[in-house]
A.B. asks: 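Quick one: the structure is below, and I'll ask about it shortly.
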Amino acid sequence: MIVMKFGGTSVASARAIERVAGLVGARIDERPVVVVSAMGKTTNKLLEIARLAAAGGRDRALTLLYELRDFHLAESGMERTVEEHFQELGEMARGLAVLGELTPRSIDAVSSLGERLSSLIVTRAFERLGIPAVHADARKLIVTDARHTHAAPIYEETYRRLAAAIPRLAERAVVVMGGFIGATEAGVTSTLGRGGSDFTASIVGAGIGASEIQIWTDVDGLLTCDPTVLAGGHRVRRISFAEAAELAYFGAKVLHPATVLPAIESNIPVRILNSLRPEVEGTRITAAAVPSSNPIKSIACKKNVTVLNIRSTRMFMAHGFLRRIFEIFDRNETSVDMISTSEVSVSLTLNDGSRLEAIARELAEFSEFTCDRDEAIVCLVGENIKNTPGIGARIFRAVQHINVRMVSQGASSLNLGFVVNAADLRAAVEALHNEFFSALDPEVFDV
Ligand code: ADP
Ligand code: ASP
Ligand code: MG
């Protein structure tokens with residue numbers, strides 16, 4: 001069996017879904033299990049509806065809701081199903097408007113609607129196009145903890161349910177399920193975090209022992225740079241799990257950072273493919289390292305990064321300083337991406353600044369600090385970084401005209417990352433791309 005996951009763009013319209021049916025139909029012998037995202041930008045719109053409803057913008061929320069309903073009606077023709085789901089959404093939006101409060105649990109109730117609906121729509125479209133299909137409710141299969149909006153799967157129970165249900169269903173039809181969503185052990189709807197459908201695909205792959213996990217998206221594969229920052233990147237043909245995970249973590253949105261974990265454990269290859277250009281062979285992600293004469297495989301970027309520079313006000317309080325700082329981030333459920341320290345000061349980056357006020361209040365008790373918003377991380381990834389003398393010199397010579405704020409290397413041994421102002425991001429990536437990808441190893445890159 002194989003898992004085929006289709007992202008938002010790949011199922012954004014009736015025509016796009018028809019294309020997907022063609023791709024799945026052509027692989028029917030491999031008994032595909034299809035995991036789909038919400039159609040197009042539906043998840044963003046659902047979150048906006050929830051936010052507006054709870055913040056006193058009930059009418060605006062309902063207008064958006066009707067637009068989203070009409071879009072689903074027009075692209076699916078499934079009047080009853082669509083009406084029922086939007087009826088439910090309308091009730092939730094009115095409830096949020098009355099309460100004036102948005103909890104992570106209610107966010108999940110709203111944002112899960114996109115995948116609940118798209119999976120039904122795709123199942124129906126397959127049937128109409130002559131592909132026998134059966135819908136599986138992801139909320140009955142993917143069991144998670146209760147950390148709503150970024151829930152973690154409870155693997156043992158999830159794998160047990162997947163193995164019991166999917167192969168049996170797949171005997172008679174293509175199984176279609178929504179990505180991104182699950183439910184707690186108590187049955188409350190949860191989500192795996194933004195971009196989480198990739199993660200669902202690999203959980204399903206591991207649960208059923210698939211021979212391959214295919215991530216179908218809107219680019220030719222993993223590229224040597226983030227196309228939203230710099231055009232003209234080359235396709236990476238093959239990359240290791242470790243490298244792909246590092247790139248995903250540092251902003252390569254094409255893959256959710258948790259995707260490779262279940263795949264690594266079960267040693268299932270992952271492939272990234274373009275649903276608009278299926279003839280392109282994509283990027284293959286495998287357990288083995290991928291040797292190459294290019295020491296860097298790709299450059300990832302993370303935008304909207306906040307840098308905190310923290311200094312102890314108790315000059316010689318060296319021990320316990322880091323512990324106190326990290327306890328604050330822990331209490332505020334904020335993760336730190338990059339860190340660099342000296343005796344009495346620490347610089348670190350956060351990519352979620354939503355709890356910054358609370359964090360600042362606690363930090364002020366024993367330190368002084370400055371905070372720079374609107375920074376960006378540039379991260380070069382490649383297993384050969386650690387074995388290539390002089391690579392640091394090449395990197396920093398390439399960006400010598402740019403002010404580098406913070407540097408980190410060595411923590412994972414396959415990345416070198418640094419922080420620049422958001423305004424310098426493109427120039428930095430362009431300079432590095434010229435330096436490292438002017439000559440390409442044809443075994444590993446599409447030249
Ligand atoms: P999907 O909806 O199919 O999950 P996403 O939007 O989540 O698609 O991910 C695909 C996008 O990831 C691409 O359109 C591209 O803009 C972005 N991206 C960022 N970095 C990279 C990279 N290194 N290679 C390819 N795509 C990248
Ligand atoms: N629809 C969800 C999101 O937009 C999950 C996904 O597309 O992977 O975040
Ligand atoms: Mg995605």
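Atoms within a ligand are numbered from 1 in the order they appear, just like the ligands themselves.
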A.B. asks: Are Asp137 and Arg116 ion-paired here, with the side-chain N under 4.0 Å from a carboxylate O?
C.D. replies: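 No.
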A.B. asks: Under 4.0 Å between a side-chain nitrogen and a carboxylate oxygen: does that hold for Glu375 and Arg405?
C.D. replies: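 A salt bridge links Glu375 with Arg405.
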A.B. asks: Return yes when Cys301 approaches ligand 1 closer than 4.0 angstrom through a heavy atom, no otherwise.
C.D. replies: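 No heavy atom of Cys301 comes that close to ligand 1.
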A.B. asks: I'd like to know if Glu443 and Arg237 make a salt bridge, using a cut-off of under 4.0 Å between side-chain N and carboxylate O.
C.D. replies: no
A.B. asks: Give me the residue, atom name and distance of the protein heavy atom closest to atom 2 (O) of ligand 1.
C.D. replies: Gly8 N, 3.1 Å
A.B. asks: Are any non-hydrogen side-chain atoms of Met4 and Val20 less than 4.5 angstrom apart?
C.D. replies: no
A.B. asks: Indicate, as side chain, backbone, both or neither, the part of Glu115 found under 4.0 angstrom from ligand 2 when only non-hydrogen atoms are considered.
C.D. replies: side chain
A.B. asks: In terms of side-chain geometry, is the basic nitrogen of Glu91 or Arg94 positioned less than 4.0 Å from the acidic oxygen of its partner?
C.D. replies: no
A.B. asks: In the protein, what heavy atom is nearest to atom 6 (O) of ligand 1, and what distance, to one decimal place, separates them?
C.D. replies: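 Looking at atom 6 (O) of ligand 1, the protein heavy atom closest to it is Lys253 NZ, 3.0 Å.
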A.B. asks: Would you say Thr191 and Asp108 are linked by a side-chain donor-acceptor pair, where the criterion is simply a distance under 3.5 Å?
C.D. replies: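 Indeed, the side chains of Asp108 and Thr191 share at least one donor-acceptor pair under 3.5 Å.
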A.B. asks: Would you say the rings of Phe445 and His234 are close, in the sense that their centroids are separated by under 6.0 Å?
C.D. replies: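 So the answer is no for these two rings.
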A.B. asks: Report, in ascending order of atom number, the atoms of ligand 2 lying under 4.0 Å from any heavy atom of Thr43.
C.D. replies: 1 (N), 2 (C), 3 (C), 4 (O)
A.B. asks: Counting N and O atoms only, with roles assigned by atom type, does the side chain of Ser112 sit under 3.5 Å from a partner on the main chain of Ala109, one being a donor and the other an acceptor?
C.D. replies: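 Pair found, side chain donor or acceptor close to backbone of Ala109.
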A.B. asks: Would you mind running through ligand 1 and noting each atom that sits below 4.0 Å from a heavy atom of Leu222?
C.D. replies: 24 (N)
A.B. asks: What protein heavy atom is closest to atom 8 (O) of ligand 1, reported as residue, atom name and distance in Å?
C.D. replies: Thr217 OG1, 3.2 Å
A.B. asks: Non-hydrogen atoms of Lys5 versus ligand 1: any pair closer than 4.0 Å?
C.D. replies: yes
A.B. asks: What is the nearest protein non-hydrogen atom to atom 23 (N) of ligand 1, stated with its residue, atom name and distance?
C.D. replies: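 Result: Leu223 O, 3.2 Å.
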A.B. asks: Please list, in number order, the atoms of ligand 2 under 4.0 Å from a heavy atom of Arg194.
C.D. replies: 3 (C), 4 (O), 9 (O)
A.B. asks: Using a strict cut-off of 4.0 Å, indicate which atoms of ligand 1 neighbour a heavy atom of Val219.
C.D. replies: 13 (C), 14 (O), 25 (C), 26 (N)
A.B. asks: So, Glu75 side chain and Ala14 main chain: donor-acceptor pair closer than 3.5 Å or not?
C.D. replies: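 It does hold such a pair.
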A.B. asks: How far is atom 21 (C) of ligand 1 from its nearest protein heavy atom, and which residue and atom is that?
C.D. replies: Pro227 CD, 3.6 Å
A.B. asks: May I ask whether Ser10 places a heavy atom under 4.0 Å from ligand 1?
C.D. replies: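 For ligand 1, residue contact (heavy atoms, under 4.0 Å) with Ser10 is absent.
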A.B. asks: Think Lys302 forms a cation-pi with Tyr249, using NZ or CZ under 6.0 Å from the six-ring centre and within 45 degrees of its axis?
C.D. replies: yes
A.B. asks: Should Gly193 be counted as touching ligand 2, given the test is an N or O pair under 3.5 Å?
C.D. replies: no
A.B. asks: Using a strict 4.0 Å threshold on nitrogen-to-oxygen distance, state whether Arg426 and Glu430 make a salt bridge.
C.D. replies: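 Looking at Glu430 together with Arg426, the answer is yes, because their closest N to O distance falls below 4.0 Å.
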A.B. asks: Just go through Gly114, Gly40, Ser111, Ser197 and tell me whose heavy atom is the nearest to atom 6 (C) of ligand 2.
C.D. replies: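 Looking at heavy atoms only, the winner is Ser197.
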A.B. asks: Taking a cutoff of less than 4.0 Å between a non-hydrogen atom of the residue and any ligand atom, is Gly196 in contact with ligand 2?
C.D. replies: yes
A.B. asks: Under 4.0 Å from ligand 1, counting heavy atoms only, is it the side chain of Val254, its backbone, both or neither?
C.D. replies: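 For Val254, the contact with ligand 1 is made by both the backbone and the side chain.
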A.B. asks: Provide the closest heavy-atom pair for Ala133 versus Glu127 in the form atom of the first, atom of the second, distance.
C.D. replies: O-OE2, 3.2 Å
A.B. asks: Report yes if some heavy atom in the side chain of Leu96 is under 4.5 Å from a heavy atom in the side chain of Arg58; otherwise report no.
C.D. replies: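 Sidechains of Arg58 and Leu96: no contact.
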A.B. asks: Regarding atom 10 (C) of ligand 1: of the candidates Asp218, Thr228, Thr283, Val236, which has the closest heavy atom?
C.D. replies: Asp218
A.B. asks: Hey, which atoms in ligand 1 end up nearer than 4.0 Å to a heavy atom of Gly221?
C.D. replies: 24 (N), 25 (C)
A.B. asks: Judged by non-hydrogen atoms, does Cys225 sit under 4.0 Å from ligand 1?
C.D. replies: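 The answer is yes, since Cys225 has a heavy atom less than 4.0 Å from ligand 1.
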A.B. asks: Ser37 heavy atoms, cut-off 4.0 Å: which ligand 2 atoms fall inside?
C.D. replies: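 That gives atoms 6 (C), 7 (O), 8 (O) of ligand 2.
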